[in-house]
Amino acid sequence: MITDIVQQLLNGVLVGSTYALIGIGFTLIWGFMRRFNVAYGATAIGAAFLGLAAHRAAPSLPLVVPFLVAMAGGAILGYAVDLVSFRYLPKDYELAPLMSTLGVLFLVEEAINHTTEGRPQDFPALIQTSLHTGQLFGTGPYFVRGDYVVVFVLSVGVVAGLYWVLFRTRLGLALRATAQQPVAAQLVGISPIRSDAQAFMLTGALAGAAGMLLSMGVGTATAELATSYTVRGLTVAVIGGLGSIPGAIVGGLVIGVIEFEALGFLGIGYRDIFAYLALFAVLVVRPQGLLGRRVG
Amino acid sequence: MDYYLAVLSLAAIQALLGLSVFIVTLTGQVSFGQQGFYAIGAYVAGIATVMWGWHVVPALALGTLVAALTGVVVGIPVLRVRGLYLAVATVAFAEIVRNLILNFRYSKVVEGRNVGALGLEGFRGIRYFYDRGLDPPAVFGVIAGTLALVVVLVWRVDRSRSGRVFRAIGEDEHAAAMVGINVVAMKVLAFAAGGAVAGLAGGLYAHYTTFVDYSTFRFQLGVLAVAYALIGGTASVAGPLMGVAFFTAITEGLRPLGEYRLFAYGALIVIAMLVRPFGIVDGDLVRRLRRWARKRPGGRPGRPDELEPVGDVAG
C-alpha cells in the first residue's frame with residue numbers, strides 16, 4: 001500500500017515536471033501582461049510537430065537538432081500570436097485577446113489535424129528504454145522509467161536556462177522591468193511593443209521545448225493535445241499562483257502526483273477529476289494560488 | 001430540405017447556448033462552463049423521458065430546473081472570483097461534470113434494450129420525439145418555438161429593472177454596491193439563469209440527436225458558446241443571435257471548400273476579434289440604431305438613458 005503510494009508519487013513527480021514547463025509559459029505571460037495566452041498549448045504542440053518534421057527530413061542528425069527546430073518554431077509561433085491576438089486589440093478589454101487566442105488554438109489544432117489526417121504521430125524515443133523492454137532503474141521495491149528520468153532532467157535544464165535568461169541577461173532585465181512598472185520601463189527607453197514581442201518569443205521557445213519533451217516522453221502526439229495542454233497548463237499556473245514561476249513548478253508537480261495517485265488507486269476514469277477538483281478548490285479558497293501574491 | 005432543417009435546428013440550439021453566456025455577461029462576467037449545464041440538462045431530461053416515461057415538457061423543465069439549482073450551488077462559491085479567474089473556475093466546473101458523466105451509470109432494460117446513462121458508452125435511445133412520430137419540421141418547430149420564447153424573455157429582462165441592475169454590476173461592481181445593489185445575489189441569479197438556459201438547450205439537443213456522451217460536452221463547445229456571445233456582441237440580445245447566424249452562414253457558405261472549411265472556425269474568431277473586438281452588434285451600433293429608430297417619423301421619444309450624449313462627455 002505504502003509502496004504503491006510512493007511509486008505513484010515518483011511517477012507523478014517525473015511527469016509533473018513537464019506539466020510545470022507548460023504552466024510556466026502561462027504564468028510568465030500573465031506576469032508580463034495580466035492576460036491568458038490560451039494559444040500556448042497550440043504553440044507547444046505546433047512547435048513539436050515542426051521538430052518532428054525536421055527529424056523526418058534528416059533522421060540521421062542527433063535529436064538535439066529537431067529539439068532546437070521546435071524551440072525556434074515555437075518562438076515564431078509565439079510572435080505570430082502576439083501579432084494577431086494581442087498587439088492590435090483593445091488593451092483594456094481582457095476578453096478580446098482571450099477569445100482571439102482560443103481562435104488560434106482551434107486554427108493550429110485544425111492545421112495539424114489536416115496535415116496528419118487526424119492520426120497520432122510517433123515521436124523518436126529519447127533513450128532506448130521502455131516498460132516493454134524492461135529496462136528500468138530501481139532500488140528495492142521501486143522503479144522508475146528511464147525515459148521519464150531523462151524528461152525530468154531535461155525539464156530541470158530548460159527551467160535553469162529560463163532563469164538564466166530572466167535574471168542574468170539584459171533581455172531578462174528589460175522584461176522584468178516591463179512586468180513590474182510598464183510606464184517606468186518605457187521612461188528608461190524600453191519599448192513596450194518590443195518587450196511584449198520578446199516575451200512571446202521567449203515563452204514560445206519554452207513551449208517548443210515543453211511540447212517536444214512531452215511528445216518524446218509519451219512517444220506519440222495528436223492535434224487534440226493542444227487543447228488538453230492548454231487546460232492543464234492553465235490548471236497548473238492557477239494552482240501554483242499566476243505570475244509565480246516557483247508556483248508553476250510546484251503546481252505542475254502537485255497535478256502530476258494527484259493524477260498518478262488517482263490513476264493508480266481509482267483507475268483511468270478518475271484521473272482528471274481530482275485535478276479539476278483541486279483547481280476548483282484553490283480558486284474558491286485561495287484564488288492567489290499556492291505561492292502567488294494576493295490578487296487585487 | 002431535411003439538411004437545411006438540421007442546420008437550422010442545430011443553429012437554434014447553439015443560439016440558446018449563446019444566450020446562456022449572454023445572460024452571464026450582463027453582470028460583466030464570462031463563463032466557459034456552460035457545456036456543464038448543457039450536460040446536466042441533457043442527462044436529466046433524457047433520464048426523465050427514457051427511464052421514467054415522462055412527457056417531454058416536464059422532462060425539459062426538470063432538466064432546466066436542475067441546471068439552475070446547480071448554477072446556484074456552484075455560483076455561490078465560484079463567484080468569489082471574477083474575470084479571467086472565473087473563466088478558469090467555470091472550465092474546471094464543466095470538466096468535473098464531464099468526468100462525472102464518464103463514471104455515471106444509471107440504466108434499465110426497456111423493450112429488450114438497455115437504455116440510460118452507460119458511463120463511457122454515453123446515453124443512447126433518447127427517442128421521445130421520433131417514437132411519437134414527429135417529423136423533422138415538427139421537431140424544428142419545437143426547438144424554434146422554445147428559442148423564440150427564450151429570446152423574448154431574455155430581451156424583456158435585459159430591458160427591465162433587473163436588466164439595468166445586472167448591467168450596472170457589469171459596468172462597475174463597487175458603484176453598484178454603493179447604491180444598494182446586492183451584488184453577490186444578483187451575480188448568482190444571473191449565473192443560475194444562464195445555467196437554466198444552457199440546461200434547456202442541452203435537453204433539447206439530447207432529444208434532437210437521441211444520443212449524447214461525455215465527448216458531446218467538450219471544452220470546445222463552451223468556447224463556441226462564448227464566441228457566439230462575444231463575436232455577436234453583448235450590447236443587446238441581438239448580439240448572440242447574430243453570432244450564431246454569422247458562424248452558421250459562413251461555415252455553411254464555405255462548404256465548397258471541403259475539409260478546409262474546418263479552418264474557418266479558428267480563423268473566423270481571430271479575424272472577427274481584430275476587426276470588431278467588441279462584437280458585430282457592439283454598443284456603438286446599438287446606440288446608433290436606437291437613435292435612427294427615434295428619428296423616423298412616428299418614432300417614439302427616447303428614454304433618458306438613450307438621449308444623445310452632449311459633446312464628448314459620455315463614451
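Reminder, nothing fancy here: chain letters follow the sequence lines and each chain counts from 1.
Per-residue heavy-atom pair counts under 4.5 Å with chain A were compared for A272(B), G119(B), A92(B), and the maximum is reached by A92(B).
Heavy atoms of V81(B) lying under 4.5 Å from chain A belong exclusively to its side chain. Only the side chain of L102(B) comes within contact range of chain A, with at least one heavy atom under 4.5 Å from a heavy atom of that chain. Looking at V238(A), the atoms closer than 4.5 Å to chain B (heavy atoms on both sides) all sit in the side chain, from C-beta outward. L277(A) touches chain B through backbone and side chain together, each having a heavy atom under 4.5 Å away. The contact between V226(B) and chain A is made by backbone and side chain atoms together, counting heavy-atom distances below 4.5 Å. In this structure, chain A has no heavy atom under 4.5 Å from any part of L268(B). Only the side chain of Y93(A) has a heavy atom closer than 4.5 Å to any heavy atom of chain B. Of the atoms belonging to L274(B), heavy atoms from both backbone and side chain fall under 4.5 Å from chain A. Heavy atoms closer than 4.5 Å to chain B are found in the side chain of L98(A), but not in its backbone. Proximity to chain A is limited to the side chain of F32(B), based on heavy atoms less than 4.5 angstrom apart.
Interatomic distance, D272(A) CG to E95(B) CD, rounded to the nearest 0.5 Å: 7.5 Å.
Listed here is the closest heavy atom pair of A267(B) and L107(A): N-CD1, 3.8 Å.
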Practice task
In sequence, state the C-alpha distance, the side-chain angles, and the governing distance for L234(A) and V91(B), and then conclude on side chain to side chain contact (heavy atoms under 4.5 Å, CB included).
Solution key: CA-CA 10 Å; L234(A) 272 178; V91(B) 173; 5.9 Å; no

